[in-house]
Amino acid sequence: MAASSRGQVLDLYRAMLRESKHFNNYNYRTYAIRRIRDAFRENKNVKDPVEIQTLVNKAKRDLEIIRRQVHISQLYSTDKLVIENQEESRT
Amino acid sequence: MLLRVAWRRAAVALTAAPVSKSGVPIRGLRVRVVDHAVQSSVPSDTAPAPEAESVLRPLYMDVQATTPLDPRVLDAMLPYLVNYYGNPHSRTHAYGWESEAAMEHARQQVASLIGADSREIIFTSGATESNNIAIKELEAAIQPDTSLVSVMTVNNEIGVKQPIAEIGRICSSRKVYFHTDAAQAVGKIPLDVNNLKIDLMSISGHKIYGPKGVGAIYVRRRPRVRVEALQSGGGQERGLRSGTVPTPLVVGLGAACEVAQQEMEYDHERISKLAEQLTQKIMNSLPDVVMNGDPEHHYPGCINLSFAYVEGESLLMALKDVALSSGSACTSASLEPSYVLRAIGTDEDLAHSSIRFGIGRFTTEEEVDYTVEKCIQHVKRLREMSPLWEMVQDGIDLKSIQWTQH
């Protein structure tokens with residue numbers, strides 16, 4: 001099986017960020033976006049294809065976790081935090 | 001059918017976009033009441049009106065009291081709350097086997113975080129129960145000179161880290177059992193029960209982004225540490241803690257431990273940075289602020305500050321948009337100042353002026369900035385109102401005042 005290409009990794013990165021933006025909970029949303037960015041940045045220089053594949057597989061599993069938890073967070077949504085009206089930034 | 005109609009209406013009411021009468025949202029918390037009453041047989045048009053005001057929730061800065069579930073933990077637990085509901089002690093069918101497998105996997109996850117063997121982990125209902133089991137061991141001691149040293153790893157009020165390695169070494173050389181309540185430390189700072197020579201350790205689920213109602217006790221096997229069971233029954237958990245092990249909760253605890261192991265370094269670095277920001281900004285903007293606790297041996301996520309000439313409770317009430325505490329949650333009902341602050345020699349009046357800021361995995365820089373801003377604003381305002389502050393500004397030494405009765 002061919003190792004994941006740079007394009008596939010970027011697609012995965014974008015998919016994870018896109019999904020994370022839908023968390024209803026401010027703290028989960030900001031954490032997911034921040035953590036995904038930092039994790040991909042931290043691993044951007046990994047060269048070993050086996051290691052890359054392991055990381056990609058873990059990311060795919062994490063994407064599924066994010067999808068499910070985003071859905072649940074929307075089902076059990078509640079009011080925004082005091083800080084959310086002031087800044088619409090989602091970083 | 002009618003019940004479903006009532007339910008749907010209630011669900012719409014609860015999730016409807018909040019509409020404010022005046023357009024101004026209210027700060028506070030909405031109390032959710034789940035209405036189970038079977039409505040009258042006629043679906044009435046006078047269903048409870050949806051709340052007309054929108055409510056903004058305060059920021060959560062009280063992680064020492066409890067932590068939110070990490071989404072990865074909830075994700076691990078849910079299957080065991082939906083389909084995999086077997087009793088892990090049922091030996092005769094797949095429901096039992098899959099539940100048992102999950103329980104043992106969780107046990108290994110907890111053990112791995114603290115460098116223990118999974119046979120040394122007993123699941124309990126929380127760190128409090130674990131502490132009681134460990135202390136009871138003292139009563140079960142067989143030799144007259146056997147004793148137990150019990151120390152918190154990280155203090156929950158001021159964040160001080162105890163010199164566990166040194167204590168462990170001393171206890172080991174004197175053949176004294178060493179127990180530590182690691183509720184605030186597990187998953188946040190590296191802990192290895194063998195390096196630190198720990199014999200007994202209490203672990204709490206809800207302090208490490210896991211579920212409430214579950215914990216564990218680590219009991220060393222080599223050399224064997226004997227503990228006595230607090231609750232007796234069916235002999236589960238090697239006879240040390242009878243009662244059906246709650247699979248969904250222990251799966252959550254295990255997942256929380258695994259996530260903590262992976263995220264420990266990242267979290268610690270980020271929390272340290274945010275803690276530095278919070279302390280620096282406050283102390284640079286306000287005079288007469290004291291940080292309680294040894295700054296060198298300190299866990300960064302727990303910051304306890306005393307604001308002189310301001311009453312702690314009134315500052316807490318003023319900071320109603322931020323969830324904070326002035327001491328440990330377990331003693332918050334009493335009005336006495338913290339025993340911890342008293343023990344480190346804090347002046348009585350400063351002890352009444354202390355606030356504890358908790359920074360955790362999910363705390364953002366924006367939340368810290370907001371908290372700092374509000375804190376500075378309200379401390380200034382409260383000090384303006386304080387006659388003591390006025391006297392200090394006039395150069396009067398408060399300690400020289402003779403207070404008289406009226």
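All values derive from a computational prediction rather than experimental measurement. Lettering of chains follows the sequences in order, A, B, ..., and the numbering in each one begins at 1. Computed from heavy atoms alone, side chains included, the values below leave out hydrogens, waters and symmetry copies.
- By the neighbour-count criterion of 12 heavy atoms within 6.0 Å, atom CD of B:Glu269 is sparsely surrounded, having that number or fewer from other residues, nucleotides or ligands.
- Side-chain atoms of B:Arg270 and A:Arg34, non-hydrogen and from C-beta on, do get closer than 4.5 Å to each other.
- Side-chain contact, A:Asn27 with B:Tyr60: no donor N or O sits under 3.5 Å from an acceptor N or O.
- With a 4.5 Å cut-off on non-hydrogen atoms, B:Glu367 touches chain A through its backbone and its side chain both.
- Put simply, CG on B:Asp267 and OH on A:Tyr31 are 5.5 Å apart, with the number rounded to the nearest 0.5 Å.
- Not a single donor-acceptor pair under 3.5 Å links the side chain of A:Asp79 to the backbone N or O of B:Leu56.
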Item to check | Verdict with supporting geometry, A:Tyr28 and B:Leu69, side-chain contact (heavy atoms from CB on, under 4.5 Å) | outcome: CA-CA 10 Å; A:Tyr28 291 161; B:Leu69 273 186; 4.2 Å; yes
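- Interface residues of residues 73-84 of chain B toward chain A, defined by a heavy-atom distance below 4.5 Å and sorted by number: B:Leu74, B:Asp75, B:Leu78.
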Next on the checklist: What verdict does the side-chain contact (heavy atoms from CB on, under 4.5 Å) test give for B:Tyr266 and A:Asp38, after you've listed the backbone C-alpha separation in whole Å, the side-chain angles of each residue and the deciding distance to 0.1 Å?
Outcome noted: CA-CA 9 Å; B:Tyr266 177 87; A:Asp38 288 345; 2.5 Å; yes
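- A:Tyr26 and B:Thr364 form a side-chain donor-acceptor contact under 3.5 Å, judged by distance and modelled atom types alone.
- Heavy atoms closer than 4.5 Å to chain B are found nowhere in A:Asn25, neither backbone nor side chain.
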Item to check | Stepwise side-chain contact (heavy atoms from CB on, under 4.5 Å) check, B:Glu366 with A:Glu84 | outcome: CA-CA 10 Å; B:Glu366 285 77 27; A:Glu84 290 185 74; over 6 Å; no
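- Neither the backbone nor the side chain of A:Ile66 comes within contact range of chain B; no heavy atoms are under 4.5 Å apart.
- Residue B:Arg57 comes nearest to A:Thr78 through the heavy atom pair CD-CG2, 3.9 Å, listed as atom of the first residue, atom of the second, then distance.
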